[in-house]
Protein chains: 4
Amino acid sequence: MSTTRAPDPARRNPQVTAAILEAALAMAREDGLARVSIEGIAARAGVGKRTIYRWWPSKGAVVLDAWAQRLEERLHRRLEATQTDDFEADLKLMVKDAWIDTIGDTRGVLASIVAEAQHDPDLAAEFRKRLISPASALVAERIRRAQADGQVAADIDPYRAIELIYAQLYYRLLIVPGPHDEAYVNDVADLAMRGLRP
Amino acid sequence: MSTTRAPDPARRNPQVTAAILEAALAMAREDGLARVSIEGIAARAGVGKRTIYRWWPSKGAVVLDAWAQRLEERLHRRLEATQTDDFEADLKLMVKDAWIDTIGDTRGVLASIVAEAQHDPDLAAEFRKRLISPASALVAERIRRAQADGQVAADIDPYRAIELIYAQLYYRLLIVPGPHDEAYVNDVADLAMRGLRP
Amino acid sequence: MSTTRAPDPARRNPQVTAAILEAALAMAREDGLARVSIEGIAARAGVGKRTIYRWWPSKGAVVLDAWAQRLEERLHRRLEATQTDDFEADLKLMVKDAWIDTIGDTRGVLASIVAEAQHDPDLAAEFRKRLISPASALVAERIRRAQADGQVAADIDPYRAIELIYAQLYYRLLIVPGPHDEAYVNDVADLAMRGLRP
Amino acid sequence: MSTTRAPDPARRNPQVTAAILEAALAMAREDGLARVSIEGIAARAGVGKRTIYRWWPSKGAVVLDAWAQRLEERLHRRLEATQTDDFEADLKLMVKDAWIDTIGDTRGVLASIVAEAQHDPDLAAEFRKRLISPASALVAERIRRAQADGQVAADIDPYRAIELIYAQLYYRLLIVPGPHDEAYVNDVADLAMRGLRP
DNA sequence: GCATAAACGAGACGGTACGTCGGGTCTTTTC
DNA sequence: GAAAAGACCCGACGTACCGTCTCGTTTATGC
């Protein structure tokens, strides 16, 4: 007989959830996830610590939840529109949309989450599930169409192609400093395209 | 008038330094940098905490120091030999040497350091200074020669070329799971070469 | 806005309080207050340091609390009985009761507390409030009755009389060595009485 | 063969000694002995810690040395003069001389030393040897003469008489607050004399 | 409709680690 | 060989959060 019963999501108070997510994201943006504490979130959201632990396993999970939710809202609004027959143009648009318009100034939060995920396998899994996988699937789909069109070499694994593109962005985010402006993301796509063409 | 005077490096005890670095690296390899604590290092090295704080600003700095020192020793022994006239072969050798033979099973430590560096600008700077910059300079040099030979397109910035290559490795290290074996690094180089050729 | 809020005494765990006081007093008796540390008390009581700091400002305060509590329990049981019409006999009984039966072998703790109080004004105030004042008030009352009876000279301030008596005991406790047996406390009262008689 | 040889007092540098004692006393007067540290004394005196440990066993010993030295100088100049045939007058003069003119505003240092002595038996012994014993011997001598003269009851132990007097002063110093002015020391002597007269 | 079980705010609690201070020992260099 | 300087091991300081655990209070079904 377990003492700690699983909580009932039906009885969850949505206002409380919102307050926690808002506080967590705000604090992560201000100070970086490393300086965020569950205690701090609880205080700022006017909430008991218990309530946070009831619904999330760690501060990283809270911030990821808040951050991903915000992204998903934005992405749903965009990703239908961008479909022409020019793969390179579509690619540049997709990358710009994602990296600049959607992530934008929450890039630091993304970096924090990746950092935290290095020692938190659950968070890493959740991060890939919420963010990397859906985005990759979407882009992979477009790449496959480009391969059918003959705009991308047929012998390339779409997922490796994605790595070739996005890895550059993450490298600049996590390893070396540098601007993340439109010129840069265009350059990223250009350089990748050199290798992807048939 | 500052209370904490700068310590005198001349009076530093090299045995103590070695013990600290060894303990720090061992613990980082076993549990990951996030679980390492200054207190733990001190205990394992049989050293006072004060002694660590005297010479390093943070646990990340200690582990980076230990880890980079180990790498530098290895690299010095290698990087002279590997110079043929075939850039692609050289590139594959360099990447394999660095990522598999040298970093090898300390890949997790590298990931930890990058993670820590996300909220520690000093550590980030030191990491780039000790690791990224020297390695990049070396590879950039080889790329320039390849451009002169006509094996690499002349209009590519060597540093962007490096990003195209290494970013893939860091992406798999930090973002998505996957093997880091010889087949993979070859594939990384192959994919990059597609874009680099004239 | 203060970060550290005042704790709520209603939520205090009495078992924890008891464990801390017991550990503190035991350690003070064994090694003297100077060798007691908050850390040591916490370890022995199986308690977090924070819990001690939440309720007491210093190790001296903990030990005083434990020691005074023990004394108060004993004193309440005694001080009603001792009331005859012979002031000198009553005085001797009171002094013996307090110094030998009640304080007894915790004399070293008392000395430690007085020592600590020399550089801790809050502790000094608490010590006087918990110990010196109530005991003095009680004896002063008896002296006033003796003055009304003509057993003590009317022109003497009762509190100065108390000093004349008790100062001798503290002098031997703190300044010069010597036994604290019944013969001695009788002698103390005798010598004082010489000066107090009309 | 002992590694730590006993130091040679003949080679001791008197300027260094003076600097240490001066610094120690100054710091003890400013902040109380409890806040004095060997490290602090060393820094203020411009001296290595080793040098202090070479000649004194503890910070208490240093401060006692400095303080007692200062007192001895003063006492030697005074105590010859004060000899009339009126014991009570002599007593008042002696007490006032010692407590007000000699100790005066270093009363806090005295309290600190007594406090420290509670957990440092060596310091306690040294304190009694340097201060209590010589002063007591002197006063005891005068009391014996007064007993011969019939000014003090012959059946009183001179040392107990001394306790009766001085204990009051230490009680006010260590236990209860209150002025230490001339009126008070006179009152102390008056009250004691009531009990000492034949 | 009303009891009753859960979510919730609050925060006490046992812990771990933080970064700092000083104690006392030791070594190196200077005089 | 005394002394200045300070590195070193160690123990304790007082603080910040961790994650668990009561407490009452509020709320919102389910009998």
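Here is how names work: the chains are called A, B, and so on, in the same order as the sequence lines, proteins then strands, and each is numbered from 1. What you are looking at is a predicted structure, and each value in this text was computed from that prediction instead of being measured. Computation of the quantities below employed the complete heavy-atom set of this structure, encompassing side-chain atoms and omitting hydrogens, waters and symmetry-equivalent molecules.
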Q | The single option from A/Val63, A/Leu33, A/Val36 passing side-chain contact (heavy atoms from CB on, under 4.5 Å) against A/Met27 | A | A/Val36
Q) Taking the side chain as C-beta and beyond, is there a heavy-atom pair between D/Glu116 and C/Gln118 under 4.5 Å? A) no
Q) side-chain hydrogen bond (donor to acceptor under 3.5 Å, both in side chains) with A/Arg44: which residues, sequence neighbours excluded? A) A/Glu30
Q. Minimum heavy-atom separation for B/Ile113 to B/Phe127, with atom names?
A. CG2-CD1, 3.9 Å
Q: Could you tell me which residues satisfy side-chain contact (heavy atoms from CB on, under 4.5 Å) with B/Glu73, sequence neighbours excluded, listed by chain and number?
A: B/Gln69
(Q) So A/Gly40, base contact, sugar-phosphate only, or nothing? Heavy-atom distance under 4.0 Å. (A) nothing
(Q) If we check salt bridge (Lys or Arg N to Asp or Glu O under 4.0 Å) with A/Asp65, which of these qualifies: A/Arg130, A/Lys129, A/Lys59? (A) A/Arg130
Q. side-chain contact (heavy atoms from CB on, under 4.5 Å) with B/Arg35: which residues, sequence neighbours excluded?
A. B/Asp31
(Q) By nearest atom, which of the nucleotides F/dT22, E/dG14, E/dG23 is closest to the A/Arg50 side chain? (A) F/dT22
Q. Between the side-chain atoms of D/Lys49 and the base atoms of E/dG24, is any donor-acceptor pair under 3.5 Å?
A. yes
**Q.** Spacing of C/Trp56 atom CH2 relative to E/dC13 atom C1', expressed in whole Å
**A.** 13 Å
Q.
Any donor-acceptor pair under 3.5 Å linking the side-chain atoms of B/Thr17 with those of B/Trp55?
A. no
Q: In whole angstrom, give the distance that lies between atom CD1 of B/Ile41 and atom P of F/dC9.
A: 14 Å
Q) Do any of residues 113-126 of chain A sit with a heavy atom less than 4.0 Å from DNA chain E, and if so which? A) none
**Q.** Nearest-nucleotide 5' precedence on DNA chain F, B/Pro9 against C/Ile38
**A.** B/Pro9
Q: Pull out every residue in residues 11-36 of chain B that has a heavy atom closer than 4.0 Å to any atom of DNA chain F, ordered by number, or say none.
A: B/Arg11, B/Arg12, B/Asn13, B/Val16
Q: Round to the nearest Å and state the distance from A/Lys59 atom NZ to F/dG19 atom P.
A: 9 Å
Q: Consider the side chain of B/Trp55, meaning its heavy atoms from C-beta on, and name the nucleotide among F/dC8, F/dA7, E/dG23 that approaches it most closely.
A: F/dC8
Q: State which of E/dA7, E/dG9, F/dA7 makes the closest approach to the side chain of A/Thr51.
A: E/dG9
Q: Between A/Glu39 and A/Ala42, name the one whose nearest nucleotide on DNA chain E is closer to the 5' end.
A: A/Ala42
Q: Calculate the interatomic distance between C/Ile52 atom CD1 and F/dC13 atom C1'; express it in whole Å.
A: 13 Å
Q | D/Gln15: partners by side-chain hydrogen bond (donor to acceptor under 3.5 Å, both in side chains), with sequence neighbours left out | A | none
Q: Quickly work out the B/Asp8 CG to E/dT30 P distance and round it to whole Å.
A: 11 Å
Q: Could you please name the option among E/dC21, F/dC18, F/dA2 that lies closest to any side-chain atom of D/Arg54?
A: F/dA2
